[in-house]
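Note: hydrogens, waters and symmetry copies are ignored here, and every other heavy atom, side chains too, is used. Below, chains carry the letters A, B, ... as their sequence lines are ordered, and counting in each starts from 1.
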Amino acid sequence: MSVDLSLLPDGGVGWLDASGPHSDIVLSTRIRFARNVEGYAFTGRARDGERLRVLAQVREAVNAVPSLHEAVLYRLDELPPTARALLHERHLVSKELAGLDAQHPLRSGAAVFLADGLGVMVNEEDHLRLQSMRSGFALQEAFAAIDKLDRDLGARVPYSYHNEFGFLTACPTNVGTGMRGSVLIHLPGLVLTKEIGKVLASLQQMGLTYRGLYGEGSEVVGNFFQISNQTTLGRSEEELLDQLLRVVGHVVEREAEARRVLLRDAGYIIEDKLWRAYGTLRYARSLTFDEAMNYLSGVRLAVGLKLISSLSVYTLNKLLIFSQAAHLAFAEGRALTESETNLARARYVRRALEEEAGSVG
Amino acid sequence: MLCDSCHERDAVVHLTTIENNAVHQLHLCERCAAERGVETTVATPKHPLAEFLHQQVPQPNAEGMRCAFCNTTMADFKATGRWGCARCYTNFEAGIRELLRRVHGNHRHVGRTYRPPMTETLERAAALGELKERLRRAIESEQFELAADLRDRIRVME
C-alpha cells in the first residue's frame, strides 16, 4: 500500500509557503502538546491490543472535533517504509512514530491524523502528540489553533492528568503543560559573523534549547536551528510561549543585524560566496544532502539580502523537503542507491532553479 | 583501597567468600572482578537521558517497588528514562517530585487545569438531577415562580 499525500491540503506542507511573518529568517513555527489517554499503559509499555483500542477511541473522538473534521488518517502501521519516510521528511510525523528509528521499531496502532496546519500523532512515545504548524514566526496563531484542538479533543477523550504534576507523559521532561513550542530558524548571518556561539549559549540561560532540522538528536545542517522551550513544568503555557516569543524575536533581530553588517563590511566577498553557492546548485551533477543544505543556505541568504531577486523563499523551502532521499525515490518511482540519490537530487534542484531562473543574474 | 588482584586500580567490588569454613574478604576493581566472573551490580543505563536521570533520582528503597498497574519498576525507569503509565506518577510520587524539581526547577504544574470529560458529564448529570428534584418539590409546594425559573435552568442545561 502506498501513501496518497494528495489527499492533504498542500501536501501537508502549507507551513512552508513563506507567507508568515519574518519568513526570510524563520521557516516555520510548531507547537506540540503531549497527552495520554487515561486507562491505558503508556505506548511503550502497552500491549498491541491496548494501542489499537487507544487509536479506536481517539478516532471516534476526532470525528466530533471541528478542526479535524476534514482530517486524513494515515495508519503508519500499515504503510511500507518508503511511505513512512515520506511523511517523516515532510515533518508530519516523528522518526519514532514512523518506525524509522532503530531504537523504536514500528508499533501497531501508530497513526496520524492530518488536517490543514494541524496533526495528531497516535501511539508515539505518548498516546497523543497534538501538533500545530504555521509558516514563519507565528507562535500565537499556532498556539490558538492547538489550544482549541486540545480543548475539543480533551472534552471527548479523558487525558491523564495529575493535580500537582499536570498532564502526565512517559518522559518526565515533558510533564506539566506537555507543551513544546519550536521555531525553525535560519541563522547564516550569525554563523558567518561567528556570533552564533554567544547566541546559543544565551538561549540555554533563558531556559531554551536548540536542535537540528529534525528535532531531538538531529545535527545542525545548512545553518537551520530549531529553538524550543526546555522545561514544561512550573510555568504556564502563556509564560512559556511569551519567553519563546521574546527570545526568538531577539534572535531574529540579531540575525537581521548580522546580515546588514556582512553586506556592509564584506559586501563583495559575501556576494561572491553566495553566487558560487547558486552556481553549484544550478549546474552540479551530483549533490549529497549536506552539500545541498549548505548551498541552499547560501542561496536563501542571498534571497534574503535581495542579491538574488527572482527566486522565491517558497521555492527554496520546498527544495529543502523535496530534495530528501525518500522524496527523490518517490518521484523516480523506485528505490535509489546513494549515488543515484545524489544524481537525482542534483537533477531535481537544477530543474527547480531553471524554472525560476528567468531574469537571474 | 587498591584492588587485591592487580594492585593498580581502585577496588569497587567487595567479595566475601567462605572456603573451608574460613571467611575471605576480597577487594577487586571492576575489571578484575569481571575476569573472575563476578557480576557487578552497578546497572549501566542504556539511554543517555536515563544516565542523567540515574544521577538525579534519589535511590531509596524504591528499587524493588513495582507499579501495580503496569509493572514498571524503578530499574525499568532507569534503563529507559520513561514511566510506564499514569499511575507510576502516584506510585513513585516522592522520587518523582524530587526528580521533577531537578529537571524543571519545579514540581508543581501551574499551566491550564483539566477535568476529564467523564467527571464533567457526571457532574452535569448530578446538577441536572438536583434541579429536577427541586422543581418537583417547588411544584408540590405550589411555588410556581420558582418552578418556572427552575424549569428554564433545566432547559438551558439540557
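Contact record, B/His107 with A/Phe165: O-CD2, 3.4 Å, taken as the closest heavy-atom pair. The shortest non-hydrogen separation linking A/Pro158 to B/Pro116 is CB-CB, 3.9 Å. Counting all heavy atoms, side chain and backbone alike, A/Thr231 lies closest to B/Val103 at CG2-O, 4.2 Å. The minimum heavy-atom distance between B/Ala86 and A/Glu38, with the atom names listed, is CB-OE1, 4.2 Å. When all heavy atoms of B/Tyr89 and A/Pro172 are compared, the closest pair comes out as OH-CA, 4.0 Å.
Looking at A/Val175 and B/His104, their side chains come closer than 4.5 Å, going by heavy atoms from C-beta outward. Looking at heavy atoms from C-beta onward, A/Phe42 lies out of side-chain contact with B/Cys70 at the 4.5 angstrom threshold. Contact check for A/Thr177 versus B/Arg112: no side-chain heavy atoms found under the 4.5 Å cut-off.
In this structure, B/Arg87 CZ and A/Leu168 CG are separated by 11.5 Å, a value rounded to the nearest 0.5 Å. The distance from atom SG of B/Cys67 to atom CZ of A/Arg45, rounded to the nearest 0.5 Å, is 8.5 Å. Rounding to the nearest 0.5 angstrom, the gap separating the OH atom in B/Tyr114 from the CZ atom in A/Phe167 is 7.0 Å. Separating the NE2 atom in B/His109 from the OG1 atom in A/Thr232 is a distance of 9.5 Å, to the nearest 0.5 Å.
Ranked by heavy-atom pairs under 4.5 Å with chain B, the list A/Gln230, A/Met179, A/Glu125, A/Glu239 is led by A/Glu125. For the set A/Ser160, A/Ala46, A/Ala41, the count of heavy-atom pairs under 4.5 angstrom toward chain B peaks at A/Ala41.
Contacts of A/Thr43 with chain B are absent, with no heavy-atom separation under 4.5 Å from either backbone or side chain. The parts of B/Asn71 that come within reach of chain A are both its backbone and its side chain, each placing non-hydrogen atoms under 4.5 angstrom from that chain. Using a 4.5 Å cut-off between heavy atoms, A/Arg156 contacts chain B through its backbone alone, with no side-chain atom that close.
Within a 6.0 Å radius of OH in A/Tyr210, other residues, nucleotides and ligands contribute 12 heavy atoms or fewer. Remark: B/Glu93 CD is packed, more than 12 non-hydrogen atoms of other residues, nucleotides or ligands lying under 6.0 Å away. In this structure, B/Glu140 places its CD atom where more than 12 heavy-atom neighbours from other residues, nucleotides or ligands lie under 6.0 Å away. For B/Arg136, the CZ atom sits in a packed shell: over 12 heavy atoms of surrounding residues, nucleotides or ligands are nearer than 6.0 Å. A 6.0 Å sphere centred on CZ of A/Arg47 holds no more than 12 heavy atoms belonging to other residues, nucleotides or ligands.
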